[in-house]
Enquirer: 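Okay, handing you the structure first.
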2 protein chains.
Amino acid sequence: MESQPAYQRIAATYRTRIASGELRAGDQLPTEHTIADQFGVARQTVRTGLSLLVTEGLIVARRPHGYFVRQREYMIYRPQEKSRPRPVTPEMVDRFSQQIAAEGRVPSQRIEVSMVQAGPDLAERLRVEPGTTIVARRRVRFINGEPTNINDSHFPLELVKDSEIMSPAYIPRGTDQVLVDRGYGQDRAIDEILIRMPTPDEIHRLELGPGTPVAVHYDTGYTADGRPVRCTVNVLPGDRHRIVFERSWLS
Amino acid sequence: MESQPAYQRIAATYRTRIASGELRAGDQLPTEHTIADQFGVARQTVRTGLSLLVTEGLIVARRPHGYFVRQREYMIYRPQEKSRPRPVTPEMVDRFSQQIAAEGRVPSQRIEVSMVQAGPDLAERLRVEPGTTIVARRRVRFINGEPTNINDSHFPLELVKDSEIMSPAYIPRGTDQVLVDRGYGQDRAIDEILIRMPTPDEIHRLELGPGTPVAVHYDTGYTADGRPVRCTVNVLPGDRHRIVFERSWLS
DNA sequence: GAGTGGTCTAGACCACGTA
DNA sequence: ACGTGGTCTAGACCACTCG
């Protein structure tokens, strides 16, 4: 009758207690030892079961306190409102900072500019040969000091050479306006979103807990004559973002 | 100097071999026993390491053959092309079937209609009280016989009572046209995408392997006077979909 | 010092698909 | 029958934080 392995019964028990609201965000679970006694199994079996819930993102282990039900807080991510020419006012800040500040939270970012060789994904989107040197403007964005997403913009080298884009400082008018000034204004973009588990590098940069999937948003901008001039890779931790956009049509 | 646990060294070893291309999709890894010998650790330690790669979606265990590097095949998902009024031709099929057939693959679906009580997420989007009875038209869509995504459309009961929507059969002109005929044509939609690990129910319906995150796409349609008349929940396994949409603007 | 989770071992038996 | 991964046990020692 016990068709299910013990570790799955343990996982299912606490999964439903969390789903039903019997256990709420922040609540503590019994210790591994206690659960092992209750179910009459070895501690390792309890660990196997709870590790399922950890990788599902339902609970976290805080040593040496115990396991706790996880909290989630989303920020709204609107790809449609990105990359438009900004009104030219001096006090302007970028969209990300604007939105966060409006919510009463403290935005900040770390910018890093480097020359890199295009991998296959970027090469295809920027229509260059794989291995071509391109410019990467990498940003990690923080809210209240916590890393929230990665925003890496990539440009063909010849388009931005000797421009402000090459310096790792904040550009008030925005990188898109710099491209406009150099004759490469964008009027179309293609968005692609992939869902996957993060790489170790992403886990490190974003301080991700185990069991957190990410959305990778490729945003490629084109000039009026169809040339790709920018490919931005956004990495959005699934536990911190909600992607929203809108459509309307004439019937 | 061995700052890293053995199981993480084992995971890192095979992770980089896969990333570098030394191991390709479909290749087999050594057996747990072999790896244990090579690293001089117990088999359980190897299992802990490989389980990391399984939950990252990099490898799968195929008993009793061994571990294999995973294959991925994406289908393109275009939220922008959904839910538009269809041209009224008899041979018309829905967008999903159209696209799949065009790729030379075999689409099919299983439809199920039921009355359900709105949970908090649907209640908010359809602007009804939580617990209100609504109509759920649930579909699992298959490609070549394999479940590929979930597409559950929800309607306020009074809008679709006694309509074809209530019958679990394919509707050639589409559910949106049925709503148009009843005076509830949509002219705007809001899309929301969440990223998370799947629920056990979703794992079962979509036959998901471990380590596969999903995107949940809420697509809510509104009439011209702003009333929500449809909320569709799409569940897209991350290992099978690429979400694509386009933007253009006038500078 | 006590108690938590993190790591690890050396065994054991089972379910399953292939040969 | 054999070898694979799947499950499980009963121990052990560690690093860490709290009282």
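Here is the naming used below: chain letters follow the sequence lines, and residue numbers restart at 1 for every chain.
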Enquirer: Rounded off to whole Å, could you give me the CZ-to-P distance for the A:Arg9 and D:dT7 pair?
Expert: 13 Å
Enquirer: Are side-chain heavy atoms of B:Arg78 and B:Phe245 found at a separation under 4.5 Å?
Expert: no
Enquirer: Does B:Gln38, at its CD atom, have more than 12 non-hydrogen atoms belonging to other residues, nucleotides or ligands within less than 6.0 Å?
Expert: yes
Enquirer: How close or far is atom P of C:dG6 from atom CD of A:Glu32, stated in whole angstroms?
Expert: 6 Å
Enquirer: When the distance from CG of A:Asp37 to P of C:dG3 is rounded to whole Å, what number comes out?
Expert: 14 Å
Enquirer: Quick one: what's the B/S/- string for nucleotides 14-19 of chain C, heavy-atom cutoff under 4.0 Å, read 5' to 3'?
Expert: -BBBS-
Enquirer: Should the pair B:Asp239-B:Arg70 be classified as a salt bridge under the 4.0 Å nitrogen-to-oxygen rule?
Expert: yes
Enquirer: Going by atom types alone, do B:Thr31 and B:Thr34 pair a side-chain donor with an acceptor below 3.5 Å?
Expert: yes
Enquirer: OP1 or OP2 of C:dT9 less than 4.0 angstrom from a side-chain nitrogen or oxygen of B:Tyr7, does that happen here?
Expert: no
Enquirer: Flag the pair B:Glu32 / B:Tyr67 as yes when at least one side-chain heavy-atom distance between them is below 4.5 Å, and no otherwise.
Expert: yes
Enquirer: Indicate yes or no: at least one non-hydrogen side-chain atom of B:Arg137 is less than 4.5 angstrom from one of B:Ile111.
Expert: yes
Enquirer: Over all heavy atoms of both residues, which pair between B:Ser153 and B:Thr232 is shortest? Give the atoms and the distance, please.
Expert: OG-OG1, 3.0 Å
Enquirer: Please lay out, stage by stage, how A:Asp37 and A:Ile35 fare under the test side chain to side chain contact (heavy atoms under 4.5 Å, CB included).
Expert: CA-CA 5 Å; A:Asp37 285 355; A:Ile35 297 176; over 6 Å; no
Enquirer: Kindly indicate, with the supporting measurements, whether the criterion side chain to side chain contact (heavy atoms under 4.5 Å, CB included) is fulfilled by A:Val233 and A:His217.
Expert: CA-CA 6 Å; A:Val233 183; A:His217 172 208; over 6 Å; no
Enquirer: Rounded off to whole Å, could you give me the CG-to-C1' distance for the A:Leu53 and C:dG5 pair?
Expert: 15 Å
Enquirer: For DNA chain D, determine which residues of residues 39-50 of chain B have any heavy atom closer than 4.0 angstrom to one of its atoms, and list them numerically.
Expert: B:Arg43, B:Gln44, B:Arg47
Enquirer: Grab the CZ-P distance between B:Arg62 and D:dG6 for me, whole Å please.
Expert: 13 Å
Enquirer: I need the CD1-P distance between B:Ile35 and D:dG3, as an integer number of Å.
Expert: 18 Å
Enquirer: Can you tell me how far C1' of C:dG5 sits from CZ of A:Phe68, to the nearest Å?
Expert: 12 Å
